[in-house]
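For reference, the structure is listed below as structure tokens.
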There are 2 protein chains.
Amino acid sequence: MIDNLDQAILDALLLNARTSYAEIAKQHGVSPATIHVRVEKMRQQGIITGAKLTVNPRALGFDVCCFIGITLARAGDYPSALKQLQALPEVVEAHYTTGQYSVFIKVFVKSIDDLQHLLIEKIQPIDEIQATETLISLQQPILRDISVAQ
Amino acid sequence: MIDNLDQAILDALLLNARTSYAEIAKQHGVSPATIHVRVEKMRQQGIITGAKLTVNPRALGFDVCCFIGITLARAGDYPSALKQLQALPEVVEAHYTTGQYSVFIKVFVKSIDDLQHLLIEKIQPIDEIQATETLISLQQPILRDISVAQ
DNA sequence: CCTGAAATCCGCTTATG
DNA sequence: CATAAGCGGATTTCAGG
């Protein structure tokens, strides 16, 4: 489905989306047009979904990253609870999970005070939510992309 | 520290890092050179750290996303355990957390079989690890960036 | 499917207000 | 600090092998 050249392109662009097609082409002995064609193909296959700027949350004042495990009162409450979580911009990821929690979310806030406010004023009042458990990330030593090469 | 224009630039590029400076400039009634200057400034401030291609893990065959809470035998084991986790390409995030786990990781694997193999052959044999608990993400209804606008 | 060349557009720098 | 102009280089298209 994808060959070595496709993999190399993904590796290069996952590391730095601004790597020029010309440079990738040179490194692999093909023409820039080929890189363009391959990227377009992977885009149409749904492999490549876009390119995003990466920002440093701390530099923007978001000093606190944490995960919150949520237990719902009833399993059927999921759609409604999700809609309310969606309205909170602090929530950057939500997962419907197996295990001890029903929903598992990742949030960024500017301070512990903001976290407390978010939990008490925004999340715990959601009717469908029975209990929450918070894991604060003190440090994030690994953050990287899927390794395509394998 | 950052004004409305900076925010607008971040919003545009967080959504699509390939949005041209010319287009952002037009939408806000300034010159492309201004966008360039602002982006450079935010880069030097450490706010912008780069740009990454976004890929669809499923389209690459990574059908299973999960979180693994890790309990270490002793708190001091953290550096050594981390080094060994770093060597596993399936691990895309690691957090040192408060709460019931010492280390909390996010992994992508191609199948449940691969997850089992990763857990039994790679993670649980790490000496410093006392116990693990796995949360499999059945669905990820929210995935977005920090909301700069506030 | 890849290429090479042509055309367009963009990023970046410099000089200026 | 923003701008306009110009250069260099990139992306993109397309005809052809």
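All chains are named by letter (A, B, ...) in the order of the sequence lines, taking the proteins before the strands, and each is independently numbered beginning at 1.
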Using whole Å, report how far NE2 of A:His28 lies from P of C:dC1. 19 Å
For B:Asn16 and C:dC10, give me the distance from atom CG to atom C1', rounded to whole Å. 14 Å
Non-hydrogen side-chain atoms of A:Met1 and A:Ile47 separated by less than 4.5 Å: yes
Is any side-chain heavy atom of A:Ile9 closer than 4.5 Å to a side-chain heavy atom of A:Leu13? yes
B:Asp3, CG atom: more than 12 neighbouring heavy atoms under 6.0 Å: yes
Which residues satisfy the side chain to side chain donor-acceptor pair (under 3.5 Å) test with A:Thr134, sequence neighbours excluded? none
Taking A:Arg144 for the side chain and B:Val91 for the main chain, is one N or O donor matched with an acceptor at less than 3.5 Å? yes
Side chain A:Ser102, main chain A:Leu72, donor-acceptor under 3.5 Å: yes
Could you tell me if the side chain of A:Ile70 sits less than 4.5 Å from the side chain of A:Leu85, heavy atoms only? yes
Taking five pairs at each terminus, the helix from C:dC1-D:dG17 to C:dG17-D:dC1 shows an axis bend, to 10°, of 30°
Answer with yes or no after comparing the ring centroid distance for B:His95 and B:Tyr101 against a 6.0 Å cut-off, counting only values under it. no
Counting primed atoms, P, OP1 and OP2 as sugar-phosphate and everything else as base, the B/S/- map of nucleotides 2-16 of chain D against protein heavy atoms under 4.0 Å is SBB-----SSSB---
Specify the separation, in whole Å, of atom NZ of B:Lys41 and atom C1' of C:dT13. 18 Å
